[in-house]
Enquirer: 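Quick one: this structure, given as structure tokens, is what I'll be asking you about.
Below, read A as the first sequence line, B as the second, and so on, with proteins coming before strands; counting in each chain starts at 1.
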Amino acid sequence: MIRLFDSIAGEVRELETREPGHLSMYVCGPTVYDLPHLGHGRYFLIWDVARRWFSFRGMDVTYVSNITDIDDNIIERALRDNKSEQSVAREFEDEHWKAMDLLGIRRPDVAPRATEYLEGMVSFVASLLESGVAYTTSDGVYFDVSSVPDYGVLAGQPLDSLRAGARVEMNDKKRSPLDFALWKNAKPNEPSWPAPFGDGRPGWHTECVVMSLQLLGDNFDLHTGGFDLKFPHHENERAQALASHHVFARHWSHSGWVMAGNEKMSKSLNNFTSLTDLVQKTDPRAYRLLVLRSHYRSPLEVTPDTIVDAERALNRLDTFARRFSLPALAGKNLLRASDVTWSAQGRDLYERFGALLDEDLDTPSAIALLFESVSTANSLADEGKDAEAAGLANAVNALFGSLGLTLVASGGVDIDDATAALVQARDDARATKDWAEADRIRDELVAAGWVVEDAAGTTHVRRT
RNA sequence: GGCGGCGUGGCCGAGUGGUUAGGCAGGGGCCUGCAAAGCCCCGUACUCCGGUUCGAAUCCGGACGCCGCCUCCA
């Protein structure tokens, strides 16, 4: 039984799915008007990990994540860069996928673009107008939040309380400051789509509710977002769905921030602001490991130091993979527990590991357990209990793989001929116990940036 | 103002009232021709003040500090 914190219930509860063995999830995707940053990276890693874990446990997961390719920010950016909205959207959508691919995040089963679902959005808004929960103004169509009795459940506040706290009224045409735009009438030179209530474009909240319902159907299982999406975005999606007599998401889950120092991740950090930057400068697996070592609902500190920390930890794991010649698993593929051959100790580890993850995706405890098992397997090997050690090591590899972390025995670096020759020369020197020469060659290799590790009769070199 | 969350050893980061989280860094040892890798041991941490308890990082109250949402945001 898999349990997950639910934002409406306010507690961890069983992830009861619409259909046993199947899980439909909608992962709120990016608005593509700029490069992805570390926060996006963490967010998509978290839900990639969740998806992989549910699959590993044997569930059949349908994963939908949208691309918001029309919205105010995109229009602004297009204006600023003197490009079309579409080219801005495509450019940054490409950057998004590039970063996702490097991070080893599996592509969604369906990745709808908002602009490809306009027809459904128009008829959805029309139906809300018909049923009287929406109204038109000179600049568009708005949703009347008072039409939904429990509006505010996701915010954790009743409507009155939200209304009292509402900030500057941006738009005096709205009946309530909390009412939100379903449809924005086209301004000159803005992209627009035809609609009976006036040409224009959909509001963000409408895009997501229409795409999620259309692709996953009523009563789909899991809807995710960052904490900041809880209100108003998700509240408003839900309000529209209920007002149009749909049953919406069964389960809501929100993930935590990336912190930089004592503040939410922001553009002011130069080095590691952009995810695009990070995945080019460092092994992207290090970021996955960093993300896995914290709980998905906690804020996570990401600085150059914590990245380096994770890279070193990853090094330990790759060294482990080298020692046991472990195959590189995961990658783009989903693993399933049923495909793994477990040794006795491996199965025991899997059971403890599974119990931790099934309880609200406790990846930090699960990862700690795997690190302990790395030590155990190394000890067993040191003691010459090779079969036991190998069995455990393979389980560790499979379990890291279940969360999408691939251990790489080769270090992923090709060894050039000159280096290979030096290694050979050093092995020859060691064979004749010419320690001075062996040490000299080692110094040369180290100076060239290699880490030199002796094994029985041979030398391994790798990059740091 | 309303709602929610957080303050853990050098750093990151878990934590169910009593038993080692884990990683990284640092110190000592074993192993090694010497290293590296690996293994073992070590720092005896929980913002502060009260309270409950045989016993609290963990529960309750208060103080201080910090963060988020209430506006576009993963």
Enquirer: Are A:Phe248 and A:Phe220, when compared by the centres of their aromatic rings, separated by less than 6.0 Å?
Expert: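 Ring centroids of A:Phe248 and A:Phe220 are less than 6.0 Å from each other.
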Enquirer: Mind checking A:Asp228 for me? I need base, sugar-phosphate or nothing, with any heavy atom below 4.0 Å counting as a touch.
Expert: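 A:Asp228: base contact, heavy atoms under 4.0 Å.
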Enquirer: State which of B:rC3, B:rC40, B:rC69 makes the closest approach to the side chain of A:Trp257.
Expert: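 Nearest to the side chain of A:Trp257 among the choices is B:rC69.
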Enquirer: Mind calculating the distance between CZ (A:Phe227) and C1' (B:rC3) to the nearest angstrom?
Expert: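 Rounding to the nearest Å, CZ of A:Phe227 and C1' of B:rC3 are 13 Å apart.
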Enquirer: If the C1' atom of B:rG15 is compared with that of B:rA57, how far apart are they to the nearest Å?
Expert: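 Straight-line distance between the two C1' atoms is 8 Å.
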Enquirer: So what does A:Gly41 hit on the nucleic acid, given a heavy-atom distance under 4.0 Å: a base, only sugar-phosphate, or nothing?
Expert: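 Contact class for A:Gly41: none.
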Enquirer: Can you tell me whether the base of B:rG43 sits syn or anti, using the 90° cut around 0 to define syn?
Expert: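 What B:rG43 shows is a syn base, its glycosidic angle lying within 90° of 0.
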Enquirer: Looking only at side-chain atoms of A:Arg430, point me to the closest of B:rG2, B:rC69, B:rG33.
Expert: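 Nearest listed nucleotide: B:rG33.
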Enquirer: Among all residues two or more places apart in sequence or in another chain, which pass the salt bridge (charged side-chain N to carboxylate O under 4.0 Å, His left out) test with A:Arg312?
Expert: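 Salt bridge (charged side-chain N to carboxylate O under 4.0 Å, His left out) check on A:Arg312 returns nothing, list empty.
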Enquirer: Nearest to the side chain of A:Met259, which nucleotide is it out of B:rG2, B:rC67, B:rC34?
Expert: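 From the listed options, B:rC67 comes nearest.
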Enquirer: Could you check how far CG of A:Asn236 sits from C1' of B:rC70, rounded to whole Å?
Expert: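 To the nearest whole Å, that distance equals 12 Å.
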Enquirer: Considering residues at least two apart in sequence or located in another chain, which fulfil the side-chain contact (heavy atoms from CB on, under 4.5 Å) criterion with A:Tyr117?
Expert: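 Checked A:Tyr117 against side-chain contact (heavy atoms from CB on, under 4.5 Å); matches are A:Pro112, A:Met121, A:Met211, A:Gln214, A:Leu215.
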Enquirer: Looking across every strand, which nucleic acid part, if any, lies under 4.0 Å from A:Trp47 by heavy atom: base, sugar-phosphate, or nothing?
Expert: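 No contact at all - A:Trp47 keeps every heavy atom at 4.0 Å or more from the nucleic acid.
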Enquirer: Students often get this wrong, so: under 4.0 angstrom with heavy atoms, is A:Arg352 touching a base, only sugar-phosphate, or nothing?
Expert: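 Answer is nothing: A:Arg352 stays at 4.0 Å or more from every strand.
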Enquirer: Where along nucleotides 11-24 of chain B does protein come under 4.0 Å, by heavy atom, of base (B) or sugar-phosphate alone (S), with - for untouched nucleotides?
Expert: -SSS------BSBB
Enquirer: A:Phe320: what forms a ring pair (Phe, Tyr, Trp, His ring centres under 6.0 Å) with it, not counting sequence neighbours?
Expert: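 Partners of A:Phe320 under the ring pair (Phe, Tyr, Trp, His ring centres under 6.0 Å) test: A:Phe324.
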Enquirer: Give every residue pair that meets the ring-ring contact (aromatic ring centres under 6.0 Å, His included) criterion with at least one member in residues 351-372 of chain A, sequence neighbours excluded.
Expert: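 The answer is A:Trp53-A:Phe353.
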Enquirer: Is it true that A:Asp94 and A:Arg90 have a side-chain N and a carboxylate O under 4.0 angstrom from each other?
Expert: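 Salt bridge flag = no for A:Arg90 with A:Asp94.
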Enquirer: If you assign A:Val374 and A:Ser255 each to the RNA chain B nucleotide with the nearest heavy atom, which residue ends up on the more 5' nucleotide?
Expert: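 Nearer the 5' end of the strand: A:Val374.
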Enquirer: Could you give the distance separating B:rG18 and B:rU58 at their P atoms, to the nearest angstrom?
Expert: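 After rounding to an integer number of Å, I get 11 Å for this pair.
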Enquirer: Which residues pass the ring pair (Phe, Tyr, Trp, His ring centres under 6.0 Å) test with A:Tyr151, not counting sequence neighbours?
Expert: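 Here no residue qualifies.
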Enquirer: Without decimals, in angstroms, what is the distance between A:Asn378 CG and B:rG38 P?
Expert: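 Those two atoms, CG and P, are 7 Å apart.
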Enquirer: Which nucleotide, B:rC39, B:rA74, B:rA36, lies nearest any side-chain atom of A:Val451?
Expert: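 For the A:Val451 side chain, the nearest candidate turns out to be B:rA36.
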Enquirer: What about A:Asp439, does its side chain sit under 3.5 Å from the base of B:rG33 through a donor-acceptor pair?
Expert: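 Yes.
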Enquirer: For A:Glu437, give me all partners under salt bridge (charged side-chain N to carboxylate O under 4.0 Å, His left out), at least two apart in sequence or on another chain.
Expert: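 Testing A:Glu437 for salt bridge (charged side-chain N to carboxylate O under 4.0 Å, His left out), a comparison that skips the adjacent residues, returns A:Arg440.
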Enquirer: Once you apply a heavy-atom cut-off of 4.0 Å, does A:Gly156 come out as touching a base, just sugar-phosphate, or nothing?
Expert: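 Sugar-phosphate only.
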Enquirer: Taking the P atom in each of B:rC11 and B:rC70, what is the distance between them to the nearest angstrom?
Expert: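 Per the computed distance, 32 Å lies between those P atoms.
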Enquirer: Identify whether any heavy atom of A:Val258 sits under 4.0 Å from a base atom; if not, whether one sits that close to sugar-phosphate; answer base, sugar-phosphate or nothing.
Expert: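 Since a base atom lies under 4.0 Å of A:Val258, the category is base.
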Enquirer: Is A:Arg106 close enough and on-axis enough to A:Tyr63, meaning under 6.0 Å and within 45°, for cation-pi?
Expert: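 Judged by the rule, A:Arg106 and A:Tyr63 form no cation-pi pair.
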Enquirer: Want to settle it: does A:Arg442 or A:Asp382 sit nearer the 5' end of RNA chain B, counting the closest nucleotide to each?
Expert: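 Its nearest nucleotide being more 5', the pick is A:Arg442.
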Enquirer: Which residues satisfy the ring pair (Phe, Tyr, Trp, His ring centres under 6.0 Å) test with A:Trp257, sequence neighbours excluded?
Expert: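 Scan of A:Trp257 (ring pair (Phe, Tyr, Trp, His ring centres under 6.0 Å), adjacent residues dropped) gives none.
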Enquirer: State which residues pass salt bridge (charged side-chain N to carboxylate O under 4.0 Å, His left out) with A:Asp439; sequence neighbours excluded, sorted by chain then number.
Expert: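 Residues passing salt bridge (charged side-chain N to carboxylate O under 4.0 Å, His left out) with A:Asp439: A:Arg442.
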Enquirer: Closest approach to the side chain of A:Glu453, judged atom by atom: which nucleotide of B:rA37, B:rC39, B:rG33 is it?
Expert: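 Shortest atom-to-atom distance from the side chain points to B:rA37.
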Enquirer: Counting Watson-Crick and G-U wobble pairs with both distances under 3.5 Å, what is the dot-bracket string for RNA chain B, 5' to 3', using [ ] for crossing pairs and | for pairs to another strand?
Expert: (((((((..(((.....[...))).(((((.......)))))....(((((..]....))))))))))))....
Enquirer: Can you list everything that forms a ring pair (Phe, Tyr, Trp, His ring centres under 6.0 Å) with A:His460? Sequence neighbours excluded, please.
Expert: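 Checked A:His460 against ring pair (Phe, Tyr, Trp, His ring centres under 6.0 Å); zero matches.
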Enquirer: What residues in residues 106-115 of chain A put a non-hydrogen atom under 4.0 Å from any atom of RNA chain B?
Expert: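 Contacts with RNA chain B under 4.0 Å: none.
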Enquirer: Report which part of the nucleic acid A:Asn73 touches: base, sugar-phosphate, or nothing (heavy-atom distance under 4.0 Å, all strands).
Expert: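 The answer is sugar-phosphate, as A:Asn73 gets under 4.0 Å only of primed atoms, P, OP1 or OP2.
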Enquirer: For atom CG of A:Asn189, decide whether the heavy atoms of other residues, nucleotides or ligands shown that lie under 6.0 angstrom number more than 12.
Expert: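 For A:Asn189, atom CG is not crowded (no more than 12 foreign heavy atoms under 6.0 Å).
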Enquirer: Expressed in whole Å, how much space separates the C1' atoms belonging to B:rC41 and B:rG50?
Expert: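 These two C1' atoms come out 39 Å apart once rounded.
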